[in-house]
Amino acid sequence: MDVRELWQKMLDELETTLPALGFDTLVETTVPVSITDGKLILCTNSEVSKSLVQKRFAQQIRLAMQMVLPMLDDVEFITEAQKDLYINKEEVLRPVCHNFEETVFIKKYTFDNFVVGKSNEFVAAAARAVSEAPGKKFNPLFIYGGVGLGKTHLLHAIGNHLMKSKPKFKTLYVSCEKFTNELIEAIRDTNEAKKAFREKYRSCDVLMIDDIQFVSKTDATQEELFHTFNDLYSAEKQIIISSDRPPKEIQHLEDRLRTRFAWGMIADIKPPDLETRIAILQKKASEQNANVSNDILKVIANNVQTNIRDMEGLLTRVISYASLINHSVIDMDVVKEALKDYTDDQKEMISVDNIIDAVTEYFSIDKEALVGKKKNKEIVEPRQICIYLITEFLTLPLVKIGEVFGGRDHTTILHARNKIEEQCKTDGRISVYVKDLKDMLLKK
Ligand code: ADP
Ligand code: MG
């Protein structure tokens, strides 16, 4: 990967985390220069841009870098004047010699950075136990809980721990989606590719599959999962699975897998109470080197109750807002201002669920199918209409909407939105549907 490629991948991440305006500013003012001494060097077009980018985006840029290339240590911002010092020093990026090619764990997702409270003490203890004695105690470990409650964080914490304590172990983390895609590719490809796929997944010491609720219904995927599970399990290798719901509620899961997932330990993560949320915010604020009083943290914690990722986003928003308007002290005024949009969003009468309910009622289809993977016209059309309505009524990022619809790509969401928008002008039938549904929603 060269520095441009790295930056492009980071921008893909940043596009989902930065406000649109901020993202545009970043793209306009900043270019990647090189990677020097383990640092990504970014050049901004003036001193003013440099301090702006540093203040507002540095944290998010670092996070994006960690996601894309965790072996890098830091980001450094320079201006044109310093560029010559760096430009010829480009280092060739060699992947670090992990014992296993695919294993890249996010550095900051550790056990130390995971705040434990009543809502998650059991699951955290189970995760720790597994990382101390993989394959021995709880096998498989099945973790489930709502979006943004720390499942992925815990999986990476186990991975980070094992990288240190058992460097020879093959510890493999994969999203269910990636597992499925790799499998499909391998099946299409040669027998060699199929063998390589099997070898990869059945030869590891620890296999973590994240977000198993997205498991595809196809026989091939279920079959492969089943055999992978059996091979690893009988060799006493650790299997760790995460999901947003318990095994019995995962729709497409074959019974033989469902029962196997319950052989070991099932642990759930619940939304944290206020005290834990504040403790998490304290940790995140100190990670960002920001000094935020407990009163302020409490306000933030009270604004988001069930999704830690959103709560973290809100904290970042408050911190960047304060630095933007050069408030050295983060007081209630800053918070109020920074939260304005957010609370407005919250107060919006119509929610994603309202829209989904209206669409399923209107077309007499069930929700599972609407947000699922089925491709027949009876479902696809209502699904696209539903996506269109969500973009009309709410200010959700496309990526988030994609998550609602079974982890679809943001380009798919955009396509659906544009298609229906177009059809509203040209196709009387569709425009009637949309109008009816809008009426239904606005009457609520
Ligand atoms: P999930 O995979 O369950 O959707 P993530 O693991 O991605 O959620 O967590 C979302 C964000 O919330 C991450 O930044 C994570 O670090 C943070 N988070 C969640 N729970 C905790 C916790 N108990 N302590 C610290 N951070 C947490
Ligand atoms: Mg996750």
Side-chain angles (χ1 to χ4, degrees), residues 13-14 16-18 59-68 70 104-128 131 141-161 173-179 208-215 240-246 250 266-288 290 292 297 300-301 303-317 319 397 399-404 406-408:
E13 285 292 326
L14 287 162
T16 67
T17 53
L18 292 178
Q59 183 67 16
Q60 234 95 335
I61 291 175
R62 286 199 177 90
L63 288 182
M65 188 179 76
Q66 287 236 316
M67 304 278 286
V68 180
V104 176
F105 293 106
I106 299 172
K107 272 189 198 157
K108 62 163 201 156
Y109 286 176
T110 59
F111 283 118
D112 283 347
N113 288 341
F114 191 80
V115 175
V116 176
K118 280 209 179 61
S119 57
N120 60 21
E121 59 189 357
F122 182 71
V123 71
R128 267 195 188 270
S131 72
L141 172 63
F142 189 100
I143 297 176
Y144 76 90
V147 177
L149 292 183
K151 301 181 294 293
T152 300
H153 185 136
L154 277 176
L155 298 190
H156 281 261
I158 296 173
N160 280 317
H161 182 93
Y173 165 95
V174 69
S175 67
C176 186
E177 198 185 352
K178 183 161 177 236
F179 180 89
M208 310 190 214
I209 305 184
D210 205 355
D211 289 322
I212 198 89
Q213 74 272 13
F214 296 135
V215 66
I240 308 166
I241 292 162
S242 92
S243 165
D244 69 349
R245 64 200 78 172
I250 304 175
I266 298 185
D268 68 330
I269 310 192
K270 296 185 195 72
D273 55 22
L274 181 65
E275 206 176 296
T276 311
R277 294 206 299 281
I278 294 175
I280 293 173
L281 284 171
Q282 282 166 341
K283 187 130 233 160
K284 303 286 177 191
S286 77
E287 272 172 28
Q288 300 196 30
V292 192
L297 294 181
I300 298 172
N303 265 280
V304 189
Q305 273 142 27
T306 52
N307 184 331
I308 306 300
R309 191 181 297 119
D310 286 356
M311 189 174 78
E312 209 178 326
L314 208 49
L315 173 70
T316 307
R317 191 157 164 168
I319 295 171
V399 176
K400 279 262 180 305
I401 302 176
E403 277 170 23
V404 174
R408 283 183 164 78

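Ligands are counted one by one from 1 in listed order, and the atoms in each one are counted from 1 as well.
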N/O/S from Thr152 sitting under 2.8 Å away from the Mg ion (ligand 2):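 True for Thr152.
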
Every residue of the protein that comes under 4.0 Å of ligand 1, judged on heavy atoms: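 Shell around ligand 1 (4.0 Å, heavy atoms): Tyr109, Asn113, Phe114, Val115, Asn120, Gly146, Val147, Gly148, Leu149, Gly150, Lys151, Thr152, His153, Ile280, Lys284, Ile308, Arg309, Glu312.
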
Aromatic ring pairing Tyr173/His156, orientation class (parallel under 30°, perpendicular over 60°, tilted between):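 Taking His156 first and then Tyr173, their aromatic rings sit tilted (interplane angle of 30° to 60°).
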
More than 12 heavy atoms from other groups under 6.0 Å of NZ on Lys107: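 It does: Lys107 NZ has more than 12 such atoms within range.
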
Minimum heavy-atom distance Glu13-Ala64, with the two atoms named: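 Distance-wise, the nearest heavy atoms are CB-CB, 3.9 Å.
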
Between Asp210 and Ser242: side-chain donor-acceptor atoms closer than 3.5 Å: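 Note: Asp210 and Ser242 side chains meet the donor-acceptor criterion.
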
Exercise: do Thr110 and Asn160 side chains pair donor with acceptor under 3.5 Å: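 Not at all, the side chains of Thr110 and Asn160 share no donor-acceptor pair under 3.5 Å.
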
Working for side chain to side chain contact (heavy atoms under 4.5 Å, CB included), residues Asn303 and Leu314: CA-CA 9 Å; Asn303 265 280; Leu314 208 49; 3.8 Å; yes

